Number of protein chains: 2
Amino acid sequence: MWYDARMAGVQSVERAFGILRALSLGPAGVTDLSDRTGLPKSTVSRLLSALEEQKAVEQNSEGAYELGVGIAELGTALRGGQSVVEVARPHMVELMELTGEAVGLNRLDGDQVRTLLQVDDPSSSVVVRDWTGVPSPAHAVPAGLAILANSSRAAQRNFLQNEFDELTENTMTDPAMLLLRFEQIRTDGYAWVIEEFTEDISSVAAAFADANGRIQFAIHIHGPSFRFPGDVDREELGNRVAATAQRIEAQLNPD
Amino acid sequence: MWYDARMAGVQSVERAFGILRALSLGPAGVTDLSDRTGLPKSTVSRLLSALEEQKAVEQNSEGAYELGVGIAELGTALRGGQSVVEVARPHMVELMELTGEAVGLNRLDGDQVRTLLQVDDPSSSVVVRDWTGVPSPAHAVPAGLAILANSSRAAQRNFLQNEFDELTENTMTDPAMLLLRFEQIRTDGYAWVIEEFTEDISSVAAAFADANGRIQFAIHIHGPSFRFPGDVDREELGNRVAATAQRIEAQLNPD
DNA sequence: CAAGCTGTCCCACGATACGGAACGCTGGAT
DNA sequence: ATCCAGCGTTCCGTATCGTGGGACAGCTTG
């Protein structure tokens, strides 16, 4: 078995992260991890020692390994370092208070959309779960559609090459239809998605440009379908989200 | 210069995390990172490529490297995986709504206390900053004192060997005094710290045992000194925090 | 246009990670 | 009490892999 040198990677780093990812599924022992990753036990053990020294993993009281505080530290450094999050937060809170539903900040990452921050209404007992960090397919969430609708033709064409999963019976999977939808979203300034991702959730999003002028972020409001959007005026709510997105963009780009 | 084989670590993993830590201070280029870590440029470049492949770092539009989404994913996996956090959250929200001040969940890690989760009042414009993941010296924060007060004599004695920094003029640094204070906290069930960590913050905490019966967690309320605790009855608030801690402990230990 | 940056790539070298096997340990079954 | 199965760690010879000095290309500066 030879290490494929075409990869730009450093083998041990690659493997170490493989172990970390395996651990993100839950605590595990050396043998278990060895199975999950396909690496020899001794290698796993050695890498775990190295990771433990870096506080990236730690052993719980049962002796099983789990992710450690080092990861948490890096994670929060990441959070604090991103000024987009800082700028967007108060605007998101405002939007959340207006609607009483959860507001999220997203970023397009390849064909996936990630939530960087979610603001929940703490007084609400039924809320959409926290999607922070969880990737979602861009074609089924409004944030993805909104960002792509405002991206270059080339980026859109590239995106539309994909096979799109039909997550619910409402999911739009036809490339031609999606292209038309992009037009609509571009003129509207916002994107509505009604139960295309899950049957239980509906949401609106609007995209905005970051400090470098690249459109790769969006904010969205999402709530349980049984009460959201309800009978509120979708156009008005859409415009409000779009307006908030514009304000964030303006604040990020001091001319 | 040879790699010291006494360390249990894997050199490249160790170095990779060194780079990640350096990056947690902010985005940087290869040369900059080479200076910060003392590693040759080419080594840094190669490790960065490896990390980029793992999405642990990414290049922003200016070409500088910064921490990537892979870290965020692991970070959230960490959060979700820890059942203590799940159990504690609703109780913390309750406490936050009662007082209007930020509530935190802590864990003792050596001589440091880490915040695992902080619940803020989104309607409050002036709040204590988010301390999630940031380590604080155990002798100056109530969570640390509360946990240690309920730890074994041996652990206390070991802890009291340390040199304690005098962070403000109120910081208690005398081991003998701290030992007495532990007694008091133990009988009270909670620990108050008035401007011993920073001049601007005061807080109460109470410790509780995890599912394995080990006392290493605590919850606390903290707020800006100018309004917190104000003229509320400190004993009553302390008891309330202690009661909440007890409820979390009970929920974690289903007999 | 040169000088001084940057980050990436190359490649011979050998230090270092590798992994099969042996080890010590724990806990359950017999 | 004894075995055995499974655990995680350690050993150690091998050779793969990471290493780092230097060359290189691109970009900004004076």
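Note that this is a predicted model, so its numbers are computed, not measured. The sequence lines fix the lettering, A, B, ..., with proteins before strands; numbering per chain opens at 1.
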Atom pair distance, as rounded to whole Å: [atom1] in [X] and [atom2] in [N]:
| X | N | atom1 | atom2 | result |
| --- | --- | --- | --- | --- |
| A/D35 | D/dG8 | CG | P | 10 Å |
| A/L39 | C/dA17 | CG | P | 15 Å |
| B/L51 | D/dG18 | CG | C1' | 14 Å |
| A/E58 | D/dG8 | CD | P | 17 Å |
| A/L47 | C/dT16 | CG | P | 16 Å |

Given D/dG18, D/dG20, C/dG19, the nucleotide with the shortest approach to the side chain of A/R15: C/dG19
Which heavy atom of A/A138 sits nearest a heavy atom of A/L108, and at what distance? CB-CD1, 3.9 Å
Go through the structure and list residues passing side chain to side chain donor-acceptor pair (under 3.5 Å) with B/Q54, not counting sequence neighbours. A/R21
Tell me whether A/R186 at atom CZ has more than 12 heavy atoms from other residues, nucleotides or ligands lying less than 6.0 Å away. yes
Could you list the donor-acceptor pairs under 3.5 angstrom formed by side chains in residues 144-151 of chain B, with sequence neighbours left out?
{"unit_1": "B/N150", "atom_1": "ND2", "unit_2": "B/A146", "atom_2": "O", "d": "2.8"}
{"unit_1": "B/S151", "atom_1": "OG", "unit_2": "B/I147", "atom_2": "O", "d": "2.8"}

Dump every N/O contact between nucleotides 6-10 of chain C and the protein below 3.5 Å, one line per pair.
{"unit_1": "C/dT6", "atom_1": "O5'", "unit_2": "B/T31", "atom_2": "OG1", "d": "3.3"}
{"unit_1": "C/dG7", "atom_1": "OP1", "unit_2": "B/V30", "atom_2": "N", "d": "2.8"}
{"unit_1": "C/dG7", "atom_1": "OP2", "unit_2": "B/T31", "atom_2": "N", "d": "2.8"}
{"unit_1": "C/dG7", "atom_1": "OP2", "unit_2": "B/T31", "atom_2": "OG1", "d": "2.3"}
{"unit_1": "C/dG7", "atom_1": "N7", "unit_2": "B/K41", "atom_2": "NZ", "d": "3.2"}
{"unit_1": "C/dT8", "atom_1": "OP1", "unit_2": "B/Y65", "atom_2": "OH", "d": "2.8"}
{"unit_1": "C/dT8", "atom_1": "OP2", "unit_2": "B/S45", "atom_2": "OG", "d": "3.2"}

Is the closest side-chain heavy-atom distance between B/I248 and B/L105 below 4.5 Å? no
Evaluate the ring planes of B/F208 and B/F217, with Trp represented by its six-membered ring, and classify them as parallel (under 30°), tilted (30 to 60°) or perpendicular (over 60°). parallel
State whether A/Q11 places a side-chain N or O below 4.0 Å from either non-bridging phosphate oxygen (OP1 or OP2) of C/dC18. yes
